[in-house]
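Here is the structure we will look at, set down as structure tokens.
In what follows, every heavy atom counts, from backbone to side chain, and hydrogens, waters and symmetry copies are set aside.
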Amino acid sequence: MTQDTLSTAQKRPVLSYLKWAIIVTFLGLVLGAVLGWQTTGTLGGMLSILFIVTVLAVLEISLSFDNAIVNANKLKDMQPVWQRRFLTWGILIAVFGMRIVFPLLIVVIAAGIGPWQALVLAASQPDEYARIMHDAHLPIAAFGGTFLMMVGLSFFFDHEKDVHWVGWIEHHMAKYASIRGVEVAVVLLFVLGFSHLLEGAERTTFFTAAIWGLMTFLLVEVLGGLLDSTQETLHGAAKGGLGAFLYLEVLDASFSFDGVIGAFALSQNLFVIAIGLGIGAMYVRSMTIMLVENSTLSEYRYLEHGAFYAIIALSVVMFAQSLVHIPEVITGLGGATLIGISLWSSIRWNRHEAQLAAQ
């Protein structure tokens, strides 16, 4: 049992965790129906918009389930006040910041126009808006892929890590974790390898964005350590405060890159995309709370491993998308498969331990 306020003595029913997600789903579908009727004026058009909203929500959930596990991993050690802030302020940042402001910001930078002009462009010329977003995919993939690969490798390159799922890999990674900067070297090798497969301006764009992704991870780590050490000085044994909050927000943003860009393959309407992905984000937050309250990560010892393998796989996919298009459904299914296998392995281990204890 963890000592944070999210932990409880008794497990709540699953539906109680999904209450707000279900409410947001209902409101989102109502907004989608109104938007569909206003933009098409037909019942068929309205139903089409509702279908796209539903698919986008499912896509976001499938792509971000590993995000929920990683969030829970960080949240269980955070101060109660920062847990609450992440689960309240964080959802506002996730829904409005990453699903609305972020796509607008990309167009503002890429097209060299103002925020209001970008919003007007999204409403009046969705095809042009989608084209600009698509053209910006290369640097986004490089930045997000680098950041996520650092997140994934940092979990395995840990000399204090003593629970190994794929032992022959993880044992050696933990062994060499004492070498300073080993995960940075691995990431840079991937960046150099993929950048050499590109040519001209694309190579420069990819490499520059990847370096910024690496720098962002390192800066967030340093800033988080400084902020949390300051809080420790002020509040005794406090840990996991503002620094951890910033880390989780940047991590959530990196997970969102792939979903936001991929969503434009289903719809060019920014508002339809925001509704669908916003619904999905609410379910991810609900799953995070459930994982922390029920101490699921300690109950299923390999679940975290599956999530971090899924993160590394997603980062490689994002790099590969600089060369070829990979459907988001493959990305989502791949991550879900890794997490499912890790859950199955955890259940087998629990059963084996129970049998040994009974003997």
Side-chain angles (χ1 to χ4, degrees), residues 63 66-67 98 101-113 118 121 127-157 173 176 179-222 250-265 268 308-332 334-335:
L63 287 174
D66 44 359
N67 189 10
M98 284 310 301
V101 177
F102 169 67
L104 285 173
L105 186 60
I106 291 177
V107 175
V108 167
I109 296 172
I113 59 178
L121 184 68
D127 292 339
E128 176 64 12
Y129 185 92
R131 183 194 67 78
I132 296 174
M133 284 291 295
H134 182 268
D135 290 345
H137 184 265
L138 180 64
I140 292 172
F143 181 96
T146 303
F147 187 91
L148 289 178
M149 186 171 288
M150 282 297 300
V151 170
L153 291 179
S154 295
F155 175 78
F156 294 106
F157 282 109
M173 293 177 79
Y176 293 113
I179 302 175
R180 176 177 291 183
V182 62
E183 62 268 35
V184 175
V186 173
V187 171
L188 286 176
L189 285 174
F190 271 92
V191 170
L192 288 171
F194 277 95
S195 63
H196 278 292
L197 297 175
L198 299 168
E199 296 181 354
E202 287 190 341
R203 175 182 294 181
T204 303
T205 300
F206 180 91
F207 187 79
T208 302
I211 294 301
W212 275 111
L214 177 60
M215 288 297 297
T216 300
F217 177 86
L218 296 175
L219 287 172
V220 169
E221 286 278 291
V222 171
V250 177
L251 179 63
D252 185 70
S254 299
F255 272 103
S256 302
F257 289 156
D258 203 43
V260 171
I261 299 297
F264 280 90
Q268 281 74 50
F308 281 99
Y309 276 121
I311 289 174
I312 294 174
L314 176 59
S315 68
V316 174
V317 167
M318 292 184 78
F319 281 162
Q321 285 179 335
S322 64
L323 305 171
V324 296
H325 173 68
I326 300 176
E328 283 67 30
V329 65
I330 294 178
T331 307

How long is the gap from [atom1] on [X] to [atom2] on [Y], to the nearest 0.5 Å?
X	Y	atom1	atom2	result
M318	H137	CE	NE2	6.5 Å
M149	L314	CE	CG	10.0 Å
S154	F217	OG	CZ	3.5 Å
F194	F206	CZ	CZ	7.0 Å
L198	T205	CG	OG1	9.0 Å
I140	S322	CD1	OG	13.0 Å

For this session: Would you check if I312 and V151 make a side-chain contact, meaning some heavy-atom pair closer than 4.5 Å?
Result: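 In short, these two side chains do not touch, never coming nearer than 4.5 Å.
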Exercise. Are any of the side-chain heavy atoms of M173 and L153 separated by less than 4.5 Å?
Worked result: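 Yes, their side chains come closer than 4.5 Å.
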Problem set entry | From CA spacing to verdict: side chain to side chain contact (heavy atoms under 4.5 Å, CB included), F155, I311 | CA-CA 10 Å; F155 175 78; I311 289 174; over 6 Å; no
Please list, chain by chain and in numerical order, all residues satisfying side-chain contact (heavy atoms from CB on, under 4.5 Å) with [X], sequence neighbours excluded.
X	answer
T208	T204, W212
T216	F143, F147, V220, V250
A118	L104, V107, V108, I113
T146	V187, V191, A210, L214, F319

For this session: Could you list the residues that satisfy salt bridge (Lys or Arg N to Asp or Glu O under 4.0 Å) with R203, not counting sequence neighbours?
Result: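 Per chain and number, R203 pairs via salt bridge (Lys or Arg N to Asp or Glu O under 4.0 Å) with no residue.
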Exercise. Partners of E202 by salt bridge (Lys or Arg N to Asp or Glu O under 4.0 Å), sequence neighbours excluded?
Worked result: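 For E202 there are no salt bridge (Lys or Arg N to Asp or Glu O under 4.0 Å) partners, ignoring immediate neighbours.
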Exercise. Closest approach of S315 and G145, non-hydrogen atoms and distance?
Worked result: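 Looking at all heavy atoms of both residues, the closest pair is CB-O, 3.2 Å.
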Exercise. If every non-hydrogen atom of A209 is compared with every non-hydrogen atom of A142, which pair is closest and at what distance?
Worked result: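 For A209 and A142, the tightest heavy-atom pair comes out as CB-CB, 3.8 Å.
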Problem set entry | Residues that Y309 engages under ring pair (Phe, Tyr, Trp, His ring centres under 6.0 Å), provided they are two or more places apart |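 With sequence neighbours excluded, Y309 shows a ring pair (Phe, Tyr, Trp, His ring centres under 6.0 Å) to F156, W165, given in chain and number order.
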